[in-house]
K.L.:
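Following this message is one structure expressed as C-alpha cells.
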Protein chains: 2
Amino acid sequence: MTKKLAKSAISQKRVLDAAAKIFRDFGYAGTTMRVIAEEAELKAGSIYYHYKSKDDLISAVLDLGIKAVIDAVKDALAKLPEDAPGRLRVQTAIHAHLSAIIDNGDYTLATRRVFGQVPEAIREKNLRLRNSYAAMWQDILTEAQKRGEFRPDANLSLARLFILGALNWTVEWFKPGGSSIDEVARNFSAVVVDGLVVRPDVTASGAAEAEEKDPPRTVRIRAL
Amino acid sequence: MTKKLAKSAISQKRVLDAAAKIFRDFGYAGTTMRVIAEEAELKAGSIYYHYKSKDDLISAVLDLGIKAVIDAVKDALAKLPEDAPGRLRVQTAIHAHLSAIIDNGDYTLATRRVFGQVPEAIREKNLRLRNSYAAMWQDILTEAQKRGEFRPDANLSLARLFILGALNWTVEWFKPGGSSIDEVARNFSAVVVDGLVVRPDVTASGAAEAEEKDPPRTVRIRAL
DNA sequence: CCTCTTTTCTAACTAGTGTTAGTTTTTCGA
DNA sequence: TCGAAAAACTAACACTAGTTAGAAAAGAGG
C-alpha cells in the first residue's frame with residue numbers, strides 16, 4: 001500500500017479545518033455537515049468520502065487539538081539543558097503551551113467548547129491524551145518541589161489545575177491586536193512562579209526578623 | 001396588576017433549573033425543549049407558558065449564572081473592613097467566587113459551555129453583566145497596586161484574566177469528594193497573591209547582596 | 001356546584017438533521 | 001487520448017427540531 005495521494009490529504013485537511021472552525025462557533029450539536037461543507041467549499045455528501053461520520057470528524061478535531069499542544073510543549077522542554085531549573089521549565093512550558101493554543105486557535109477553542117457535549121466514547125478516548133499531558137505538567141512541578149525549588153507546602157495538583165485552567169482560558173480573550181504571546185507568557189509566569197518558588201525570606205538565614213517586623217508580608221495565607 | 005402567583009413561580013424555576021442542567025450537558029443547539037420538559041416533568045409545549053422561546057430560556061440561564069457570582073462576591077467584599085488590605089480582598093473574592101460557582105454549578109457550567117454558541121444578541125446582553133464583574137476585580141487589583149501592596153510592574157489586566165480564567169475552570173474538575181472549596185481557595189490565593197505582593201527582598205533594604213549571591217532567585221523573569 | 005383563570009397537554013406544521021446510494025465529474029498515468 | 005481510480009455531486013431517506021393553536025385539566029373563590 002502506497003502513501004495517500006497529496007490531493008486527497010489537502011482536501012481532507014481543508015474539511016478538518018472547516019470542521020474545527022464551525023464546531024468552535026456552534027458546538028457539537030449546533031454544527032451541521034452542510035455548514036462544514038460550505039466552509040470547506042464542498043457539498044455535504046462529499047465529506048463522507050474523507051470522514052465516515054460527524055463523530056469521526058469531531059474526534060479528529062479533539063485529538064489534533066490536544067496533540068498540537070503536547071508536541072509543542074514536549075519539543076520546547078526537550079531543548080532545555082538537563083539541569084534546567086524548575087522555574088525555567090515552567091516558563092518554557094507556559095510559553096510553548098500558549099503559542100500552541102493560539103496558533104491552533106480553532107482547534108483548541110473547539111476542543112474546549114465542545115468537549116463536554118460530545119458522546120461518551122469519543123470523550124473517553126480524547127481524555128487519555130489529556131491525562132498524559134496533565135501528567136507531564138505534574139512531573140515538572142513535583143520534580144522542582146523535590147529539588148527544593150518550590151514551596152514544600154504547595155498543593156501541586158491544585159497548582160497544575162490553576163495553571164492549565166488559566167492557560168486554556170486565554171484562547172477566549174487573546175486577540176492579535178493586544179498583548180503579545182511573549183508578554184502574556186512572561187506575565188503569567190511571573191504570577192505563577194513567584195507564587196511557587198521558595199521565597200528568600202523563608203530559606204535565607206537572617207530573614208526572620210524582617211518577617212516579625214512586617215507581619216502582613218508573611219508567606220502563608222491565613223484561612224478565610 | 002398583582003404579583004404573580006406562587007405556584008407559577010415554582011414551576012417556572014423548575015423549568016429554569018432543568019434548562020440549566022440540560023444546556024450544561026448538551027450545549028445550546030444540543031438541548032431540546034422536549035428534553036428540558038422531561039427533566040422538569042412537563043410536556044414540551046407547556047414550557048412556552050413560562051418562557052416564550054428557547055432563546056428566552058438560555059438568556060435567563062446565562063444571566064442568572066453570572067448574577068449569582070456577582071452578588072456573592074459583592075456581599076463578601078462588603079463585609080470586609082474599610083481598610084482591608086488588597087491581599088485579603090483578593091483572598092475573599094476568590095473564595096466567594098469559588099463558592100458561588102460551585103453552589104450554582106449547573107448555571108455556571110451551562111454559562112461557560114454555552115456562551116460561545118448562543119445567538120449574538122443574547123451574548124451581547126449577558127456580556128454587559130460580565131464586564132461589570134470584570135471591572136469589579138480590576139478595581140480590587142489596581143487599588144492594591146496604588147497602595148503599593150502589589151508589584152508595580154505587574155500587568156493587572158492580564159492578572160485578572162488569569163485569575164478569572166483559572167477560577168472559572170474549576171467547575172470543570174471540582175468534585176465534592178476531593179479538595180474542599182476552602183482548600184482550593186486557599187491554594188489559589190497562595191499562588192496568585194504571593195506572585196503579586198511586593199517581595200521583601202525588593203523593597204526591604206539590605207536584600208541586594210542576597211540576590212547577588214543567589215541569582216536564580218531573582219524576581220524578574222527573563223524573556224524566553 | 002358552578003365559573004373563571006391558570007396551567008398543562010395534544011397533535012400537528014414546517015424546516016432542517018445526518019447519512020446513503022447512485023451518478024457524474026475530475027485527475028492523471030500509460 | 002484513453003480509461004481507470006479518485007473525488008465530488010445530487011436527490012432522497014427517515015427522523016427530529018422549535019413552535020403553535022386549540023382542547024383539556026387543575027385550582028380557586030363564591
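In what follows, chains carry the letters A, B, and so on, assigned in the order in which the sequence lines appear, proteins first and then strands, with residues in each chain numbered from 1. We use all heavy atoms of the structure for the numbers below, so side chains are in, but hydrogens, waters and symmetry mates are not.
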K.L.:
Under 4.0 Å between a Lys/Arg side-chain N and an Asp/Glu carboxylate O for A/Arg186 and A/Glu183?
P.N.:
no

K.L.:
Do NZ/NE/NH1/NH2 and the carboxylate oxygens of B/Lys79 and B/Asp75 come within less than 4.0 Å?
P.N.:
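No, B/Lys79 and B/Asp75 are not salt-bridged.
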
K.L.:
Rounding to a whole Å, what distance do you find between B/Tyr48:OH and D/dG18:P?
P.N.:
6 Å

K.L.:
Can you confirm whether the side chains of B/Tyr48 and B/Asp56 place a donor and an acceptor under 3.5 Å from each other?
P.N.:
no

K.L.:
If I take atom NE2 in residue B/His50 and atom P in nucleotide D/dG18, what distance separates them, rounded to the nearest angstrom?
P.N.:
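Distance, rounded to whole Å: 17 Å.
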
K.L.:
Check whether any side-chain N or O of B/Ser46 sits under 4.0 Å from OP1 or OP2 of C/dC9, and answer yes or no.
P.N.:
yes

K.L.:
Would you say C/dG18 has OP1 or OP2 under 4.0 Å from some side-chain N or O of A/Lys54?
P.N.:
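For C/dG18, OP1 or OP2 has a side-chain N or O of A/Lys54 closer than 4.0 Å.
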
K.L.:
Check the distance between C/dT27's P and A/Ile10's CD1 and give it to me in whole angstrom.
P.N.:
12 Å

K.L.:
Just to be sure I understand the geometry, which residues of residues 30-40 of chain A put a non-hydrogen atom under 4.0 Å away from DNA chain C?
P.N.:
A/Thr31, A/Thr32, A/Met33, A/Arg34

K.L.:
Take the protein atom CD1 of A/Ile58 and the nucleotide atom P of C/dT17, then report the distance between them rounded to whole Å.
P.N.:
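In whole Å, C/dT17 P and A/Ile58 CD1 are 17 Å from each other.
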
K.L.:
So A/Phe188 and A/Phe162, would you call those rings parallel, tilted or perpendicular, with 30° and 60° as cut-offs?
P.N.:
parallel

K.L.:
So among A/Asp63, A/Ile101, A/Val61, A/Val69, which one has a side-chain contact (heavy atoms from CB on, under 4.5 Å) with A/Tyr107?
P.N.:
A/Val61

K.L.:
Between B/Phe23 and B/Lys54, is there a cation-pi geometry (under 6.0 Å to ring centre, at most 45° from the normal)?
P.N.:
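No, B/Lys54 does not sit over the ring of B/Phe23.
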
K.L.:
Given C/dT7, is OP1 or OP2 found less than 4.0 Å from the side-chain N or O atoms of B/Ser11?
P.N.:
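It does not, given that no N or O in the side chain of B/Ser11 lies less than 4.0 Å from OP1 or OP2 of C/dT7.
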
K.L.:
May I have the distance from B/Ile22 (atom CD1) to D/dG18 (atom P), rounded to whole angstrom?
P.N.:
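It is 12 Å, rounded to the nearest whole Å.
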
K.L.:
A/Leu42 has a side chain; which of C/dT19, D/dC9, C/dC9 sits nearest to it?
P.N.:
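The closest nucleotide is D/dC9.
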
K.L.:
How close or far is atom P of C/dG18 from atom OH of A/Tyr49, stated in whole angstroms?
P.N.:
22 Å

K.L.:
Report, as yes or no, whether the 6.0 Å neighbourhood of atom CD on B/Glu38 holds more than 12 heavy atoms from other residues, nucleotides or ligands.
P.N.:
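Not more than 12 within 6.0 Å, no.
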
K.L.:
Please give, in whole Å, the distance from D/dC9 C1' to A/Ile47 CD1?
P.N.:
13 Å

K.L.:
Nearest whole angstrom, please: distance from the C1' of D/dT19 to the OH of B/Tyr51.
P.N.:
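Between C1' of D/dT19 and OH of B/Tyr51: 18 Å.
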
